[in-house]
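The next block holds one structure in the form of structure tokens; read it before the comments.
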Amino acid sequence: MRAIWKGSIAFGLVNVPVKVYTATEDHDIRFHQVHAEDGGRIKYDRVCTVCGKSVQYADIDKAYESPEGDKVILTDEDFSKLPVAEKHEIPVLQFVPSDQIDPILFDKSYYLEPDSNTPKAYVLLATTLERIDRTALVHFTLRQKTRLAAMRVRDGVLVLQTLLWPDEVRAVEFESLDGVSEPRSQEIDMAETLVATMSDDFDQTLFKDEYQIELKKVLDEAVASGTGKVVSREEAAPAAMDAEVVDLVAALQRSLEASGRRAAEDNGSPAKAAPAKKAAAKKVAAKKVAAKKAPAKKGAAKKAADKKAADKPAAKSARKTAARKGA
């Protein structure tokens with residue numbers, strides 16, 4: 001547990017240093033709101049209805065609107081001027097009989113731990129409360145909110161239970177109970193007999209939250225079997241890896257997958273298909289050789305044509321010379 005408050009109990013002229021811990025916790029399975037189509041988390045944004053912009057929490061004040069529609073805005077400075085109990089002190093107001101506190105008034109519970117090297121004053125106060133069988137009424141301020149609280153002892157530890165103010169408990173008046181006749185004595189006797197057969201000492205461990213147990217089973221079975229809309233958590237790539245290294249790893253992975261697919265195809269193909277593949281490979285090779293030889297033949301023919309064209313003027317000149325000599 002982690003302490004949420006530190007201070008002292010003011011018991012007359014005696015101060016008892018204590019730490020405050022939350023005494024209870026909710027065991028309900030927590031769910032997040034997600035987009036039904038792709039499972040993405042739903043986020044909420046603080047948007048101003050006047051300017052339409054997102055507003056940071058530090059820029060938010062509190063406003064009160066009266067039944068007539070008048071709006072009053074208060075800042076943190078305004079709240080700091082209000083009278084509150086000492087932030088780090090739990091003053092004891094009085095001690096009252098424990099059975100006079102209606103259980104409907106109990107709100108939240110906190111454990112108090114001694115916060116001193118010699119917790120003698122803490123033990124003295126706890127022992128005194130147990131012996132007199134009374135509950136101490138105190139003021140307790142947490143998060144700028146002052147509450148009336150009951151301080152009692154549970155298993156040798158001081159427990160603080162905040163109480164609701166009287167106007168926070170609703171008055172009840174059910175018209176359906178008006179004019180109902182009193183039950184007969186025979187009915188009361190039978191009801192008391194039934195109560196006697198069902199009476200026992202209170203043992204909290206005998207009772208289980210069946211709904212949460214069954215819900216947990218449903219979730220565990222869905223995750224184990226992979227059925228339903230189970231979205232596995234994606235593992236992010238290590239931040240220290242260079243982008244080029246990541247690309248290389250991805251390329252190698254794709255190469256291995258492609259190689260595996262080719263090997264699977266080769267193993268699954270018939271044996272007679274091998275000669276056909278070899279014949280097709282030979283044809284492709286022959287085409288490549290022919291394509292390489294074709295440019296060579298065209299180059300040789302061009303050279304021969306150029307040489308023949310160059311020899312024509314020389315032959316013509318030799319014929320003219322021979323004719324002159326014969327004349």
Side-chain angles (χ1 to χ4, degrees), residues 1-9 16-34 39 41-44 46 57 62 84-93 96 98-99 101-116 119 122-123 125-127 129-130 134-166 168-170 200-224 228-233:
M1 295 189 295
R2 182 176 61 89
I4 61 173
W5 189 91
K6 287 184 179 182
S8 61
I9 302 171
V16 184
V18 292
K19 297 179 183 178
V20 177
Y21 300 84
T22 302
T24 61
E25 60 183 359
D26 189 0
H27 69 186
D28 289 352
I29 297 174
R30 298 184 179 275
F31 292 90
H32 302 294
Q33 291 185 336
V34 297
R41 287 282 296 273
I42 302 299
K43 294 184 178 180
Y44 293 94
R46 299 182 182 93
Y57 186 77
K62 296 180 180 180
V84 295
E86 292 293 334
K87 291 185 179 181
H88 297 285
E89 185 176 83
I90 303 176
V92 176
L93 306 177
V96 299
S98 300
D99 58 359
I101 301 178
D102 191 337
I104 199 173
L105 297 174
F106 290 123
D107 190 12
K108 295 182 179 180
S109 302
Y110 302 90
Y111 289 133
L112 305 183
E113 178 192 16
D115 190 23
S116 62
Y122 180 97
V123 176
L125 178 58
T127 304
L129 287 175
E130 281 186 315
R134 284 180 175 260
T135 298
L137 293 182
V138 301
H139 273 156
F140 178 52
T141 302
L142 181 65
R143 301 183 183 95
Q144 296 183 341
K145 190 173 183 180
T146 302
R147 283 289 192 186
L148 182 67
M151 186 171 62
R152 60 185 183 85
V153 182
R154 181 177 186 269
D155 297 332
V157 176
L158 290 176
V159 176
L160 192 71
Q161 291 179 284
T162 56
L163 302 175
L164 300 176
W165 297 107
E168 291 181 318
V169 179
R170 293 176 176 177
D200 200 350
D201 293 331
F202 177 65
D203 184 0
Q204 192 175 6
T205 60
L206 298 177
F207 306 95
K208 306 293 182 183
D209 189 344
E210 298 294 340
Y211 176 82
Q212 293 297 323
I213 294 174
E214 294 300 322
L215 179 59
K216 184 67 167 56
K217 288 182 180 179
V218 171
L219 295 175
D220 291 342
E221 290 175 0
V223 173
K229 297 181 179 180
V230 180
V231 181
S232 300
R233 179 179 296 179

Spacing of [atom1] belonging to [X] relative to [atom2] belonging to [Y], to within rounding of 0.5 Å:
X      : Y      : atom1 : atom2 : result
Leu137 : Arg152 : CG    : CZ    : 13.0 Å
Leu219 : Glu221 : CG    : CD    : 9.5 Å
Leu142 : Ile90  : CG    : CD1   : 9.5 Å
Lys19  : Met1   : NZ    : CE    : 11.0 Å
Arg154 : Leu160 : CZ    : CG    : 14.5 Å
Leu148 : Leu163 : CG    : CG    : 5.0 Å

Heavy-atom neighbours of [X] [atom1] exceed 12 at 6.0 Å:
X      : atom1 : value
Leu206 : CG    : yes
Asp201 : CG    : no
Glu25  : CD    : no

Can you name the closest pair of heavy atoms from [X] and [Y] and give their distance?
X      : Y      : answer
Leu112 : Tyr122 : O-OH, 2.5 Å
Thr135 : Ala150 : CG2-CB, 3.6 Å
Leu164 : Ile104 : CD1-O, 3.8 Å

For Lys208, side chain to side chain contact (heavy atoms under 4.5 Å, CB included) partners two or more places apart:
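Glu210, Ile213.
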What residues, two or more places apart in sequence or in another chain, satisfy side chain to side chain contact (heavy atoms under 4.5 Å, CB included) together with His27?
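Once residues adjacent in sequence are excluded, the partners of His27 under the side chain to side chain contact (heavy atoms under 4.5 Å, CB included) criterion are Asp209, Gln212.
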Plane angle bin for Trp5 and Phe140 - parallel if under 30°, tilted between 30 and 60°, otherwise perpendicular
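Correct class here is perpendicular.
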